[in-house]
Amino acid sequence: MKQCWGEAPERRPTFEEVFHKFKTINKGKKTNIIDSMLRMLEQYSSNLEDLIRERTEELEIEKQKTEKLLSQMLPPSVAEALKTGGTVEPEYFDQVTIYFSDIVGFTTISALSEPIEVVDLLNDLYTLFDAVLGNHDVYKVRRTWA
């Protein structure tokens, strides 16, 4: 079918070749060439609809990942403005603190602990940080470096 729509006429199949292909597809049964073409078009359409559905789902998943990342890195008002294509006015702050944390001996602790113990330790530690930050007018951006 695709060959019939080719740009170069010399590369398109002849009617005899098309008829032979249809005979092969129909396994020698005598059928109307139009019916066969319609069946093939329906199958192609169905496959195309499935492909579009899959790609739409993939796009939605990627969109959700992007929105999650954006909301983790930026204040909600800024993230929303960027998502809607709005402008973000710069803000001025009298004071800013940048806090970098490192767990001294983390490599040793990790090597001597079970994976779940490491996860629990990190969860407890950062839950405490979050509780302290919740008592103050701060915005937290999480960033990890390897």
Side-chain angles (χ1 to χ4, degrees), residues 1-93 96 98-103 106-134 136-146:
M1 188 61 94
K2 287 180 182 178
Q3 291 174 341
C4 293
W5 290 97
E7 290 289 326
E10 64 276 1
R11 299 179 92 187
R12 295 180 198 152
T14 64
F15 283 112
E16 193 173 298
E17 291 170 326
V18 171
F19 183 72
H20 179 69
K21 288 245 188 222
F22 277 115
K23 265 178 100 174
T24 305
I25 290 170
N26 292 319
K27 300 174 183 154
K29 296 178 194 169
K30 293 204 175 205
T31 58
N32 184 332
I33 193 166
I34 301 299
D35 291 338
S36 296
M37 287 177 62
L38 287 175
R39 232 183 353 267
M40 288 176 65
L41 283 172
E42 286 173 2
Q43 182 181 0
Y44 179 74
S45 174
S46 176
N47 291 342
L48 191 57
E49 287 172 2
D50 291 342
L51 181 62
I52 289 170
R53 192 175 306 108
E54 283 177 30
R55 296 287 165 86
T56 302
E57 288 171 5
E58 290 171 6
L59 180 62
E60 185 60 34
I61 290 169
E62 290 303 316
K63 182 180 175 187
Q64 290 171 358
K65 287 179 185 177
T66 301
E67 287 182 9
K68 182 179 178 185
L69 179 62
L70 200 57
S71 68
Q72 288 176 343
M73 295 182 62
L74 301 170
S77 60
V78 174
E80 193 58 38
L82 291 175
K83 285 193 288 188
T84 60
T87 59
V88 179
E89 295 297 322
E91 295 181 51
Y92 175 80
F93 298 95
V96 174
I98 298 176
Y99 173 74
F100 292 95
S101 66
D102 183 28
I103 302 171
F106 183 74
T107 304
T108 304
I109 293 169
S110 297
L112 298 173
S113 303
E114 293 294 318
I116 192 66
E117 293 174 317
V118 176
V119 170
D120 288 341
L121 170 70
L122 293 174
N123 280 338
D124 291 345
L125 182 62
Y126 287 105
T127 298
L128 289 171
F129 280 146
D130 290 344
V132 171
L133 293 176
H136 304 280
D137 185 23
V138 298
Y139 178 73
K140 175 180 68 173
V141 175
R142 283 181 265 188
R143 176 73 173 130
T144 58
W145 287 272

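Here the structure is a predicted model, which is why all the values come from computation and not from measurement.
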Which pairs count as side chain to side chain donor-acceptor pair (under 3.5 Å) when at least one residue sits in residues 49-58, sequence neighbours excluded? Asp50-Arg53
Got a sec, which pairs hit side chain to side chain donor-acceptor pair (under 3.5 Å) with one end in residues 118-127, sequence neighbours left out? Ser101-Tyr126
Distance, nearest 0.5 Å, that separates [atom1] of [X] from [atom2] of [Y]:
X      : Y      : atom1 : atom2 : result
Ser110 : Leu122 : OG    : CG    : 7.5 Å
Leu74  : Glu80  : CG    : CD    : 12.0 Å
Asp130 : Leu125 : CG    : CG    : 10.0 Å

Closest approach of [X] to [Y] (non-hydrogen atoms, all atoms of both residues):
X      : Y      : value
Ser113 : Val118 : CB-CG2, 3.9 Å
Gln3   : Arg12  : O-CG, 3.5 Å
Ala79  : Leu70  : O-CD2, 3.8 Å

Does [X], at its [atom1] atom, have more than 12 non-hydrogen atoms belonging to other residues, nucleotides or ligands within less than 6.0 Å?
X      : atom1 : value
Lys63  : NZ    : no
Glu60  : CD    : yes
Glu10  : CD    : yes
Phe129 : CZ    : yes

Any donor and acceptor pair, going by atom type alone, linking the side chain of Ser46 with main-chain N or O of Glu42 inside 3.5 Å? no
Short question: side chain of Ser45, backbone of Leu41 - any donor-acceptor pair under 3.5 Å? no
Report yes if the side chains of Leu128 and Val132 come closer than 4.5 Å at any heavy-atom pair, otherwise no. no
Ring pair (Phe, Tyr, Trp, His ring centres under 6.0 Å) pairs touching residues 63-85, sequence neighbours excluded, are none
